[in-house]
Amino acid sequence: MSTNVLELKNIHKDFGTFRALTDVNLNLEKGKIYGFIGKNGAGKTTLMRIISGMSLPTSGSMALFGKTEAGEICRERARLGVMLEDRGISPDLTAAQNLKAQMLLKGLHDDFLIREMLEIVGLTNTGSKKFKEFSLGMKRRLTLAATLLSKPEFLILDEPTNGLDPVGIKDIRDLLLRINREHGTTILISSHILRELYEIATDFIFIDSGEIIREISKEPLNKRLESKTIIRSREMGKVLDALRKHGLDAELTVNGDTITLSGNGFTEEELGVILHESEAVLLEFTQRRETLESYFISLIGGNSHA
Ligand code: ATP
């Protein structure tokens, strides 16, 4: 049996004469966390809206939890948790009242779950404060809590940490990782904070001008993220001898008292041993890895604004 939660085939979306999505083909597997990356206007929200049933594709087909017929897909959408905007949240209700209203809409009644959710997203102390009086970060947290109420199997989150402070961002990250670990929840998440996405995602989908330009899992991505090592010493001869002894001639460039090693297969620890053997006094020894952000920029050819 297929473990795909979602299969998209040849999805196109036009707004009048403007083509927002071109031939999107994607398979999302159960239990994975997909980081969805693209510049402003690349088509992320448009695709998420199509998956969620808030917009129809101009052409193309989809299978959601293995179901392909329109009526069946509609029913399967009950298993989705979608956070695209502050949809369904009433500005004049408090946090608890809003969650209660969401539950009633689903025919549910569970005060314990409401308290638990408020605790999980850190909104227990908001009392009689109404949603419209919330800060942006508080609004994001409550919208996320409302999305999680029905314990969805597949979460679609469009910039869920937008407007959150660093602690809030970490809280949401820990929460999503926990849900994924404990319930095997599949997550499709977009964010412009690529450092965050790197921490949470198992797989990355890059979109540019409406086209999926790359899909890559974290392990192969890590292999591609080149590491750079900087070594500074006044005893260059000793350092160079040691590095060359280990066959590192091709990877090194020398500039004054600084040696840069790029893309070598050695770990920081292994290089540390080699440098220790050289008996040279070091002024600096640091290893830096290319980031998801620089990878994205090189992929789209310079102009980022992810
Ligand atoms: P952001 O990171 O800024 O949220 P995004 O990747 O989510 O961007 P979309 O909102 O999907 O981008 O927009 C993709 C393109 O489709 C944009 O050029 C946008 O202007 C256009 N677009 C989206 N919705 C509509 C609409 N209802 N009518 C016309 N054009 C639209």
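The first residue of the sequence shown is numbered 1, and numbering continues consecutively from there. Note that ligands are numbered from 1 as they come in the structure, with each ligand's atoms numbered from 1 the same way. All values below were derived from every heavy atom in this structure, side-chain atoms included, with hydrogens, water molecules and symmetry-related copies excluded.
Here Asp257 does not pair with Arg234 in a salt bridge; the nearest charged N to carboxylate O distance is not below 4.0 Å. Salt bridge Asp174/Lys170: present, at least one basic N to carboxylate O contact under 4.0 Å.
For ligand 1, the polar-atom distance check finds an N/O of Thr45 within less than 3.5 Å of one of the ligand's N/O atoms. Residue Phe15 places no N or O, backbone or side chain, under 3.5 Å from any N or O of ligand 1. By the 3.5 Å distance cut-off applied to N or O atoms, Ala20 is not counted among the residues near ligand 1.
The part of Lys39 lying near ligand 1 is the backbone, judged by heavy-atom distances below 4.0 Å.
For ligand 1, the atoms closer than 4.0 angstrom to any heavy atom of Ala42 are 5 (P), 6 (O), 12 (O). The ligand atoms of ligand 1 that sit less than 4.0 angstrom from a heavy atom of Asn40 are 1 (P), 2 (O), 3 (O), 8 (O). Near Phe18, the atoms of ligand 1 lying under 4.0 angstrom from a non-hydrogen atom of the residue are 15 (C), 16 (O), 18 (O), 21 (C). Residue contact check: Thr46 has heavy atoms under 4.0 Å from atoms 9 (P), 11 (O), 13 (O), 14 (C), 23 (C) of ligand 1.
In the candidate list Gly38, Ser190, Ser191, Gly41, Gly41 is nearest to atom 5 (P) of ligand 1, counting heavy atoms.
The aromatic rings of Tyr198 and Phe204 lie parallel to each other, their planes meeting at an angle below 30°, with 60° marking the opposite boundary.
The environment of NE2 in His276 is sparse: at most 12 heavy-atom neighbours from other residues, nucleotides or ligands sit within 6.0 Å.
Judged by the shortest distance from any of its heavy atoms, Glu159 lies inside the 4.0 Å radius around the atoms of ligand 1.
Stacking of Arg224 on the aromatic ring of Tyr295 is not recorded, the 6.0 Å distance cut-off and the 45° axial limit not both being met.
Of the possible polar contacts, none joining the Asn10 side chain to the Asp23 backbone as a donor-acceptor pair under 3.5 Å is found.
Here the closest heavy-atom approach between residue Leu157 and residue Met48 is recorded as O-CE, 3.3 Å.
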